[in-house]
Amino acid sequence: MKVIVDRVRCEGHGLCEEAAPQMFQLDDEGELMVLQDAEPVPAEQIEAVADAARTCPVGALRVES
Amino acid sequence: MNTTIRRSSIDLYTDEAVLAPYGPYRELRDLGPAVWLEAHEVWAVARYDDVYAALHDHETFASGTGVGLSEDLNKVMAGSTIASDPPYHDHIRSVVGRPLTPRALRKHREDVQRRADELVDRLVALGEFDGVTDFAQAFPLGLVPDLLGWPEEGREHFLAWAAAGFNALGPMNERATAGFADLQGMLGYLNEMSVPGRLCPGSWGAQLVDAAGDGTITREILPTLLGDYLTPSLDTTIATLSSALWLLGTHPEAFDALRADPGLIPNAFNEVIRVESPVRGFSRLLTEDHEIGGVKLPEGSRALLLYASANRDERRWANPEVFDVRRADAAGHVGFGHGVHGCVGQGLARLEGHSLLGALVRKVRRIEVGDAVWRPHNTIHGIAKLPAVFHAA
């Protein structure tokens, strides 16, 4: 699975950070940092990343298999 | 293939149904994934998974012809951020939304918190007050119009205009037509405010006027986009803040939990929006034939996506009617909509809500509330009157 961040749509709401804290983090400027490989997503992060993509309120995260 | 058409004579816009909507919503969820509402000639989509899927399929479920129920009134909204489709939508959203992202809002955090602290201090000292006018309205009214840069003149009409604007998104009933004069007044005001120099320099509104000046957006659409700042910035937040007060007043154990662990505040704010969603729902136009769970929705028909029902869908949530500030998945609600049209002001709404709840847990020991009187409104689900007392911590 890979995860794609749409940088135009991302507004920094940070719900992905709560769903997958080991994968996503907002930096001090509120910019989204991806902390681990986005392609492929590490096996132990797959569930959390899928959850983060589902929860993103503005549809800025997309997962593909 | 099962293509049963489910029909219902449920009218979601009687006084009874708008004041107590959860029974009719449950009935619609149980009838099927999409139910033809004879009263409004629209498909009701009431289950969470289907609402979520539609919100994330903007190509099939289009917004460009409006998101209300009356085609005449939908024409008035066309071209606004909410009533547009990508790629045009993405462009205007990025312009309208620029100051509203959590990133951009960071610099306002301290000021908003200070205002929240001041308001709560004032209300603690006051004794009994009205939770709607003195708390839920007073806070955004004292903040948002300044951020947007509106002049003093006209502000006294904002609440009536917002109410009329949202009523116009329902069916063409008495609630909608009663607001026509207000809508005219608002459109005139927005035209006036589109003239460079009318809005406070440097404000969010003035930045939008500048964007029309340098060609980033067209001059024709400017009044409409200024309207995107006016109508939605108040009524929705006000409904949520009054519901929050009512829920925390009627669930003292929940308020105690927040006092013991203020880290729960963001989740509690989501849970307020989930359990008493401020927006009943918006519609979409089907751009092609589409099937939802075996029900075929023809191209050109309209689907009413019922956010407030999805947020209480027993297929999605355990004990959906229970207000639980520790609910693990409260952030999954669709109360702000979701996807490309997810509420552009949600960062500001969260900032306001978190700041006020933060002030409450530090300064108030117990929130006492009387009987809530709910508002008869086509689109907004909120409280009209709520006697309240803050007992000092």
Side-chain angles (χ1 to χ4, degrees), chain A, chain B residues 48-49 52-59 61 81 86-87 89-109 263-264 266-267 269-270 273-274 307 316 328-351 354:
Chain A
M1 185 176 90
K2 67 172 169 177
V3 60
I4 300 152
V5 182
D6 185 329
R7 293 282 170 188
V8 179
R9 292 224 162 106
C10 175
E11 294 172 348
H13 293 283
L15 298 187
C16 57
E17 194 180 34
E18 286 163 40
Q22 290 168 43
M23 194 71 191
F24 302 109
Q25 197 187 322
L26 293 174
D27 69 13
D28 291 343
E29 304 291 305
E31 285 291 337
L32 183 62
M33 298 188 296
V34 182
L35 305 175
Q36 301 189 45
D37 283 346
E39 183 184 359
V41 171
E44 72 282 2
Q45 290 297 320
I46 284 179
E47 205 177 314
V49 169
D51 196 29
R54 223 176 5 252
T55 311
C56 174
V58 293
L61 286 178
R62 203 170 78 242
V63 289
E64 285 178 7
S65 42
Chain B
Y48 180 93
D49 284 351
Y52 183 94
L55 288 172
H56 284 266
D57 180 4
H58 61 82
E59 285 169 357
F61 292 87
T81 313
H89 162 271
D90 295 0
H91 171 61
I92 53 171
R93 180 178 173 118
S94 72
V95 180
V96 170
R98 198 169 292 152
L100 291 169
T101 65
R103 268 197 276 289
L105 288 169
R106 285 182 175 215
K107 62 171 179 280
H108 298 287
R109 270 186 193 169
L264 285 171
N267 202 58
F269 192 64
N270 278 322
I273 294 170
R274 186 195 67 80
Y307 307 165
R316 167 68 175 78
D329 51 359
H333 70 78
V334 289
F336 284 122
H338 221 268
V340 298
H341 283 286
C343 172
V344 72
Q346 61 184 287
L348 178 60
R350 287 201 169 92
L351 177 61
H354 296 175

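These numbers come from a predicted model, not from an experiment. Naming: A, B, ... by sequence-line order, numbering from 1 per chain.
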Undergrad: Heavy atoms only: give me the nearest Q346(B)-V58(A) pair and the separation to one decimal.
TA: NE2-CG1, 4.1 Å
Undergrad: Using a 4.5 angstrom heavy-atom cutoff, name the option from L105(B), V344(B), T101(B), D329(B) with the most pairs to chain A.
TA: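 Top count of heavy-atom pairs under 4.5 Å with chain A: T101(B).
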Undergrad: With rounding to the nearest 0.5 angstrom, report the CZ to CZ distance, R9(A) to R93(B).
TA: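 Spacing of CZ (R9(A)) from CZ (R93(B)) equals 9.0 Å.
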Undergrad: Does atom CD of E47(A) have more than 12 heavy-atom neighbours from other groups under 6.0 Å away?
TA: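 No, the 6.0 Å shell around CD holds no more than 12 heavy atoms from other groups.
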Undergrad: Check whether D90(B) gets within reach of chain A through its side chain, its backbone, both or neither, counting any heavy atom under 4.5 Å.
TA: side chain
Undergrad: Which bit of E31(A) is near chain B, if near means a heavy-atom gap under 4.5 Å: side chain, backbone, both or neither?
TA: both
Undergrad: Between R103(B) and E29(A), which heavy-atom pair has the shortest distance, and what is it?
TA: CG-O, 3.3 Å
Undergrad: Write down the atom of R106(B), the atom of D28(A), and the distance for their closest heavy-atom approach.
TA: NH1-O, 2.8 Å
Undergrad: Rounded to the nearest 0.5 Å, what's the gap from CG on L15(A) to CG on N270(B)? Could you check?
TA: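 Here the rounded value is 6.5 Å.
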Undergrad: Of the backbone (N, CA, C, O) and the side chain (C-beta and beyond), which part of H56(B) lies under 4.5 Å from a heavy atom of chain A, both, or neither?
TA: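 When you check distances to chain A, only side chain atoms of H56(B) fall under 4.5 Å.
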Undergrad: Are R350(B) and H13(A) packed together at the side-chain level, in the sense that at least one heavy-atom pair is separated by less than 4.5 angstrom?
TA: yes
